[in-house]
Amino acid sequence: MGFDAITTTELARGKPFKTGLAKKFRNRDDALLVLVDSGNLLSLGVPNPSFEIDTDADGKPNCWTFAAYPGGSGVLVSDGMHGAKRFRFTHPGGSGNGGGTLVSNVVPATELTRQYVGFCMYASVTGIGVAVLVNCYNASLSFISAASLYDTTAVPTTATLFMRSFVPPAGTRFMAIVLVGGRNTIDVAGYVYFDFVSLNALRENGSDWTIAEGTGTETDWTDKTSTTLYVPDLSGAIVLLTFPASVKTSNSAVTGYVRFRVGSNYSSEIAVAGLPYSEQICQMVLPLTGASATIMMQIKIPAGGATVYGIKNIARSSLIILP
């Protein structure tokens, strides 16, 4: 970062104000001005989305509040998945013990647009309880409800990017992301790591389209259902297509995958194990405009032994022009 941490010892009463401390204040002001001026501080919807800023060096990211479960702890560590840092929850094991929660500062929001949340996460052991929620508040910051976007013990043990979407309840004017690492209702010891947390409105200015449900048991990508998508003429630019889709499997122990393709251009994958349908966000680049194209849904279930289902039953989508 563009500044060094200022410790509580340096600010203690009676401590002389030295040149080194003055430089820290100056560097901090410079760095924060750059973040605000460039829009990076809020570009991912929540401040400090990759936990890079820890101005008091207490091991907790600025603009996030950590609360430990009994026996648990949480701290910033190196080797981030996005940037230099990541946040680590520690579940010590034992009945009633857990890691804790990390809650973002509230940010402005509205129920008029679908919201999507992205995050990188993995754990040192599968079976540990992990969840991601979004708390919704009214204009007076009174709690309305929480949207549960991810809640499972079938967690990955390698860094994985997740994207989820939801529509806030009526009256929503502010939201906060809640990360849960090592639920205290699950007696499994281990570490949970989070990074790169984003919260954005899905601006639904694209064409309306759906794709019928497709099912299968194939272990590799297989075309299933499709529709015709028209991409408006955008003066030859390429566009980023963002849209919600859903996936489920008939066996909660087996993960199924869904993706979409237009010709040889493929979307990001979405995945889940079990029921019900899990609505997630797909993105793909389309290097064509002013034309119609067939968009095909593909599914696979690599482990076999179950059926995977996919569907895009929400018409809305977003087209973002890329430079």
Side-chain angles (χ1 to χ4, degrees), residues 49-52 59 61 64 66 68-102 116-133 148-164 177-198 219-221 247-259 267-275 278-283 299-306 308:
S50 293
F51 311 137
E52 301 302 306
W64 294 80
F66 174 74
Y69 288 139
S73 62
V75 67
L76 287 169
V77 294
S78 59
D79 194 20
M81 292 169 270
H82 183 265
K85 299 177 183 178
R86 55 186 169 157
F87 193 83
R88 182 184 71 197
F89 296 88
T90 301
H91 188 320
S95 178
N97 289 338
T101 62
L102 189 67
Y116 68 90
V117 174
F119 56 95
C120 287
M121 185 275 297
Y122 72 99
S124 61
V125 59
T126 190
I128 196 168
V130 176
V132 175
L133 307 95
S148 178
L149 306 184
Y150 184 87
D151 190 351
T152 186
T153 57
V155 295
T157 53
T158 58
T160 304
L161 175 65
F162 294 87
M163 298 188 77
R164 298 289 189 268
I177 294 181
V178 182
L179 309 177
V180 182
R183 277 198 180 279
N184 61 345
T185 54
I186 307 294
D187 186 6
V188 175
Y191 301 112
V192 177
Y193 300 92
F194 274 96
D195 201 354
F196 193 28
V197 183
S198 60
T219 58
D220 203 357
W221 290 115
V247 58
K248 67 180 180 180
T249 67
S250 60
N251 186 335
S252 61
V254 181
T255 300
Y257 299 81
V258 168
R259 73 179 183 187
S267 75
S268 55
E269 302 172 10
I270 60 175
V272 78
L275 302 169
S278 171
E279 183 183 298
Q280 303 176 35
I281 294 295
C282 290
Q283 292 183 318
I299 65 175
K300 72 173 181 179
I301 190 156
V308 60

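Computed over heavy atoms, backbone and side chain alike; hydrogens, waters and symmetry mates excluded.
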Counting distance only, does the side-chain N/O of [X] pair as donor-acceptor with the main-chain N or O of [Y] below 3.5 Å?
X: Thr160; Y: Thr158; value: yes
X: Thr152; Y: Ala154; value: yes
X: Lys85; Y: Glu52; value: yes
X: His91; Y: Asn97; value: yes
X: Ser124; Y: Gly190; value: no
X: Arg164; Y: Leu149; value: yes

Self-check item: Working for side-chain contact (heavy atoms from CB on, under 4.5 Å), residues Thr153 and Ile186
Solution: CA-CA 8 Å; Thr153 57; Ile186 307 294; 4.2 Å; yes

If you compare all heavy atoms of [X] against all heavy atoms of [Y], which two are closest, and at what distance to 0.1 Å?
X: Pro61; Y: Leu102; value: CG-CD2, 4.3 Å
X: Val155; Y: Ala123; value: CG2-CB, 3.7 Å
X: Leu161; Y: Cys120; value: CD1-SG, 3.9 Å
X: Gly98; Y: Pro92; value: O-CD, 3.4 Å

Quiz item: Would you find more than 12 non-hydrogen atoms of other residues, nucleotides or ligands less than 6.0 Å from Phe162 atom CZ?
Solution: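 More than 12 heavy atoms, drawn from other residues, nucleotides or ligands, come within 6.0 Å of this atom.
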
Side-chain donor-acceptor pairs under 3.5 Å in residues 248-257, sequence neighbours left out?
| residue | atom | partner | partner atom | Å |
| --- | --- | --- | --- | --- |
| Thr249 | OG1 | Asn251 | O | 2.9 |
| Thr249 | OG1 | Val254 | O | 3.0 |
| Thr249 | OG1 | Gly274 | N | 2.6 |
| Ser250 | OG | Thr307 | N | 2.9 |
| Asn251 | OD1 | Ala253 | N | 2.9 |

To the nearest 0.5 angstrom, please state how far the [atom1] atom of [X] sits from the [atom2] atom of [Y].
X: Asp195; Y: Arg88; atom1: CG; atom2: CZ; value: 14.0 Å
X: Trp64; Y: Leu76; atom1: CH2; atom2: CG; value: 11.0 Å
X: Arg86; Y: Ser78; atom1: CZ; atom2: OG; value: 6.5 Å
X: Phe119; Y: His82; atom1: CZ; atom2: NE2; value: 15.5 Å
X: Tyr150; Y: Met121; atom1: OH; atom2: CE; value: 3.5 Å

Quiz prompt | Partner set under ring-ring contact (aromatic ring centres under 6.0 Å, His included) for Phe87, not counting sequence neighbours | solution =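 Phe66, Phe89.
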
Self-check item: Asp79 vs Val77, side-chain contact (heavy atoms from CB on, under 4.5 Å): CA-CA, chis, key distance, verdict
Solution: CA-CA 7 Å; Asp79 194 20; Val77 294; over 6 Å; no

Exercise. I would like to know whether Val272 and Gln280 meet side-chain contact (heavy atoms from CB on, under 4.5 Å); could you show each step before the answer?
Key: CA-CA 10 Å; Val272 78; Gln280 303 176 35; 4.2 Å; yes

Exercise. Decide side-chain contact (heavy atoms from CB on, under 4.5 Å) for Thr157 and Tyr122; before the verdict, give the C-alpha distance in whole Å, the side-chain angles of both, and the deciding distance to 0.1 Å.
Key: CA-CA 5 Å; Thr157 53; Tyr122 72 99; 5.6 Å; no

Practice problem: Among residues two or more places apart or on two chains, list those pairs meeting salt bridge (Lys or Arg N to Asp or Glu O under 4.0 Å) that have a residue in residues 180-192. | Solution: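 Those involving residues 180-192 are Asp151-Arg183.
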
